[in-house]
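Report on one structure; see the data block that follows.
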2 protein chains.
Amino acid sequence: MSRASHRPRLVDVAEHAAVSLATASRALAGREGVSTEVADRIRQVARELGYVANPYARTLASGATSTVGLIVHQVDDPYFSEIAAGVIQLASEQGLLVQICQSGRDPDYELQQLRHLIAQRVGIVLISGSGYDDPRMESAARAELAAFQDHGGRAAAIGRHALGVDAVLPDNEAGGHALAQHLMDLGHRRIAVAAGSAGLTTVADRLAGVSSALRERGRSPADLAVVNSDFTRGGGRAAAEQILNDHPETTAIIALNDAMAMGVLSTLRSRRVPVPARMSVVGFDDVSVAADLAPSLTTIRLPMTEMGRTALTLALKPRTTRPRRRPTGHLLVVRDSTGPAPRT
Amino acid sequence: MSRASHRPRLVDVAEHAAVSLATASRALAGREGVSTEVADRIRQVARELGYVANPYARTLASGATSTVGLIVHQVDDPYFSEIAAGVIQLASEQGLLVQICQSGRDPDYELQQLRHLIAQRVGIVLISGSGYDDPRMESAARAELAAFQDHGGRAAAIGRHALGVDAVLPDNEAGGHALAQHLMDLGHRRIAVAAGSAGLTTVADRLAGVSSALRERGRSPADLAVVNSDFTRGGGRAAAEQILNDHPETTAIIALNDAMAMGVLSTLRSRRVPVPARMSVVGFDDVSVAADLAPSLTTIRLPMTEMGRTALTLALKPRTTRPRRRPTGHLLVVRDSTGPAPRT
DNA sequence: CTAGGGTACGTAAGCGCTTACGTAAGCGCT
DNA sequence: AGCGCTTACGTAAGCGCTTACGTACCCTAG
């Protein structure tokens with residue numbers, strides 16, 4: 001590939017402004033040690049020439065990268081794409097570029113992507129998606145991130161804890177609690193849960209909230225039918241099938257994310273189970289399509305886009321000694337997919 | 001930010017393998033001029049040391065970037081996120097990193113993002129989303145891309161033409177044609193179109209297909225009610241409102257993309273218009289949720305993920321003198337949102 | 001009037017790679 | 001034996017920046 005030069009370089013700016021390279025660099029970086037008039041002149045010249053610093057040279061010389069790496073499970077999952085949208089928005093405002101990696105929900109591959117990003121010398125790593133119960137997996141990632149931070153990197157997690165880095169965390173437990181409570185308020189007694197893969201901390205947390213709500217009302221958590229599948233629409237369909245077959249007495253299904261809820265709705269529709277007349281369904285996340293489904297989905301709203309922005313904000317701020325936790329609000333959004341328990 | 005070094009450098013590899021820097025570089029780049037045994041030794045050492053080339057130094061020295069810039073309208077729009085997923089997949093297989101920018105459907109901002117990416121010295125630019133009818137806008141982008149390619153950059157467009165670069169293009173006209181035909185086959189005579197912003201080439205092309213299908217059956221295109229809004233769910237809702245109010249005789253709505261179709265369905269539901277009994281609805285794109293809507297959506301399937309991959313493949317191949325066009329297949333997927341026209 | 005210190009700027013040494021060019025060794029040929 | 005050619009490797013010159021350090025100048029204090 002031929003050299004893509006012909007673009008003005010810093011020397012060109014310096015020459016046109018009749019100053020040295022160092023002064024030009026300082027002026028454009030806004031560092032002190034340059035008189036206001038000279039700095040103005042340099043900036044003016046740079047603008048006229050259409051000068052844009054070569055980020056590769058800059059990074060090589062300074063060691064400070066201006067690109068942020070974002071790891072998601074899958075970009076075409078609305079939960080993650082909304083997070084990505086938030087990250088990209090803020091990054092673009094800050095003049096940063098975002099590099100996206102997909103882990104495909106595979107902890108090994110995710111670790112590999114993380115290593116790759118770090119090897120690529122990104123300055124900031126943002127890692128989203130659920131953590132894994134497997135302690136070996138998590139500690140490998142944790143170690144990688146710790147080393148990265150020791151070398152000056154910044155990192156933050158989104159919706160994920162125990163990584164030893166700053167995190168923006170929804171209260172998954174409270175969310176699960178609110179959903180269960182909502183259903184019990186409607187009179188539901190036989191509740192089933194369509195859960196994502198066992199082994200995901202997000203699953204465990206949301207489920208814990210559901211269980212505790214049941215316990216508070218004197219129900220035995222054993223009454224709760226929990227079906228594990230995965231956090232996709234297909235997973236939701238599969239879980240719904242299993243629930244309908246194995247737990248026919250169920251009158252309400254808690255899907256632990258919206259993608260699964262959509263799958264659940266899809267199965268109920270094809271099985272001609274009226275929602276919410278015969279079965280109530282709730283989701284979790286409130287991805288933007290949730291409001292446009294038929295029936296529209298009762299769910300827990302998480303501010304995904306904002307979470308993305310917040311995570312980047314956290315990573316940009318100077319590090320504190322202890323990892324910070326930034327909670328996110330959550331809100332029970334009641335729509336048409338839930339209704340009173342059917343009389344038996 | 002402190003220097004993130006401590007990582008092995010090429011000199012370290014060279015020293016350990018007792019060769020010169022140049023030889024090490026050649027061996028790892030797989031270039032010739034190194035005996036097989038020496039090359040093997042060097043690769044071995046590199047592996048042991050966990051050496052990963054610093055992409056910034058590499059790019060600075062060689063001028064060849066290994067990152068691809070992708071411009072989409074919005075990452076949290078499923079159409080684009082599926083394209084992005086495809087690009088990221090292939091890029092990751094090739095060891096390339098993807099930088100994503102959002103243009104927010106604003107031609108000016110899009111141009112700005114394009115300039116930004118080029119200034120950032122990405123090696124490949126992929127630009128997706130509809131083009132604009134405004135010739136000034138397009139020629140500015142065209143010029144920018146031409147200059148970029150002259151300097152050795154690679155570029156490709158996705159679902160967009162007239163940019164003077166390689167393009168992977170669905171046959172929007174044929175798709176529109178197929179939709180209209182399908183509806184007419186079902187007996188619909190009063191068809192309305194919920195179109196995206198006027199001024200988008202995609203809108204014009206899809207609409208042209210619809211019109212030509214009508215013409216072939218001896219219908220006047222004037223019979224077609226076209227309502228312009230924008231390519232979002234909100235746009236679809238607005239368009240549907242207008243259609244119901246201004247064209248009450250309508251029995252079928254062609255939404256020019258799936259996002260709008262979802263908005264249309266949403267409005268019809270809240271206005272209690274049964275689909276497809278009273279109104280048929282079709283979309284365009286077949287985003288993955290389309291099959292899970294209620295009713296599931298009849299639409300034109302476009303292989304978005306594959307389009308993303310193909311575009312990157314195109315850009316990776318050596319350029320030809322004339323821009324290449326790679327058509328994509330499309331397929332009418334008939335689901336539950338369409339049915340026979342109601343008797344009046 | 002000079003020493004000391006601050007300010008504004010220039011000089012030059014890298015950052016970690018790639019690559020044009022130089023060199024030495026080995027080969028077949030006349 | 002001497003020539004040229006190829007092959008395998010080393011030397012060193014950058015790529016376009018940042019930044020530690022050096023220098024000239026002006027200001028104030030003693």
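So that the names make sense, note that chain A is the first sequence line, chain B the second, and so on, each numbered from 1. Keep in mind it's a predicted model, so treat the numbers as computed, not measured.
The minimum heavy-atom distance between A:H161 and A:E138, with the atom names listed, is O-OE1, 4.1 Å. Residues A:A27 and A:I42 come closest through the heavy atom pair CB-CD1, 3.6 Å.
Side-chain atoms of A:L21 lie closest to D:dT18 of the nucleotides C:dT19, D:dT18, C:dC17. Which of D:dT11, C:dG10, D:dC17 sits closest to the side chain of A:A22 comes down to C:dG10. The nucleotide whose nearest atom lies closest to any side-chain atom of B:R9 is, among D:dC17, C:dC17, C:dT18, C:dC17. Which of C:dG16, D:dT18, C:dG10 sits closest to the side chain of A:S20 comes down to C:dG10. Residue A:V34 places its side chain closer to C:dC9 than to any other of C:dC9, C:dC17, D:dT18.
Looking at A:Q44 and A:R41, their side chains never bring a donor and an acceptor atom within 3.5 Å of each other. A donor-acceptor contact closer than 3.5 angstrom links the side chains of B:S130 and B:T202.
The shortest side-chain heavy-atom distance between A:L90 and A:E93 falls under the 4.5 Å cut-off. Between A:S25 and A:R31 the shortest side-chain heavy-atom distance falls below 4.5 Å.
Whole-Å rounding puts the B:L60 CG to D:dT18 C1' distance at 12 Å. We find that CD of A:Q120 is positioned 16 Å from P of C:dG16, with the value rounded to whole Å. To the nearest angstrom, P of C:dC17 lies 15 Å from OH of A:Y56. Taking atom CG of A:N54 as the reference point, atom C1' of C:dG16 lies 14 Å away to the nearest angstrom. Taking atom CZ of residue A:R31 and atom P of nucleotide C:dA8, one finds them 15 Å apart after rounding to whole Å. In this structure, A:E32 places its CD atom 13 Å from P of D:dA20, rounding to the nearest Å. In this structure, B:L28 atom CG and C:dT19 atom C1' are separated by 15 Å, rounded to whole Å. Note: CZ (B:R41) to P (D:dA8) measures 14 Å, nearest angstrom.
Each end of the helix from C:dC1-D:dG30 to C:dT30-D:dA1 gets its own axis from five base pairs, and the two axes differ in direction by 50°, given to 10 degrees.
For C:dC9, the OP1/OP2 oxygens have no side-chain nitrogen or oxygen of A:T23 closer than 4.0 Å. Here A:Y51 reaches the OP1 or OP2 of D:dC17: one of its side-chain N or O atoms lies under 4.0 Å away. For C:dG16, neither phosphate oxygen OP1 nor OP2 lies less than 4.0 angstrom from any side-chain nitrogen or oxygen of B:R58.
The nearest heavy atom of DNA chain D to A:S25 and to B:V19 marks one nucleotide each, and the one closer to the 5' end goes with B:V19.
Using a 4.0 Å heavy-atom criterion, one finds that A:S35 contacts the sugar-phosphate atoms exclusively.
Below the 3.5 angstrom threshold, one finds a donor paired with an acceptor across the side chain of B:R26 and the base of D:dG10.
Annotation: A:E306, atom CD; neighbour count of heavy atoms from other residues, nucleotides and ligands within 6.0 Å does not exceed 12.
Put simply, the side chain of A:Q74 never gets that close to the backbone of A:F80: no donor and acceptor are under 3.5 Å apart.
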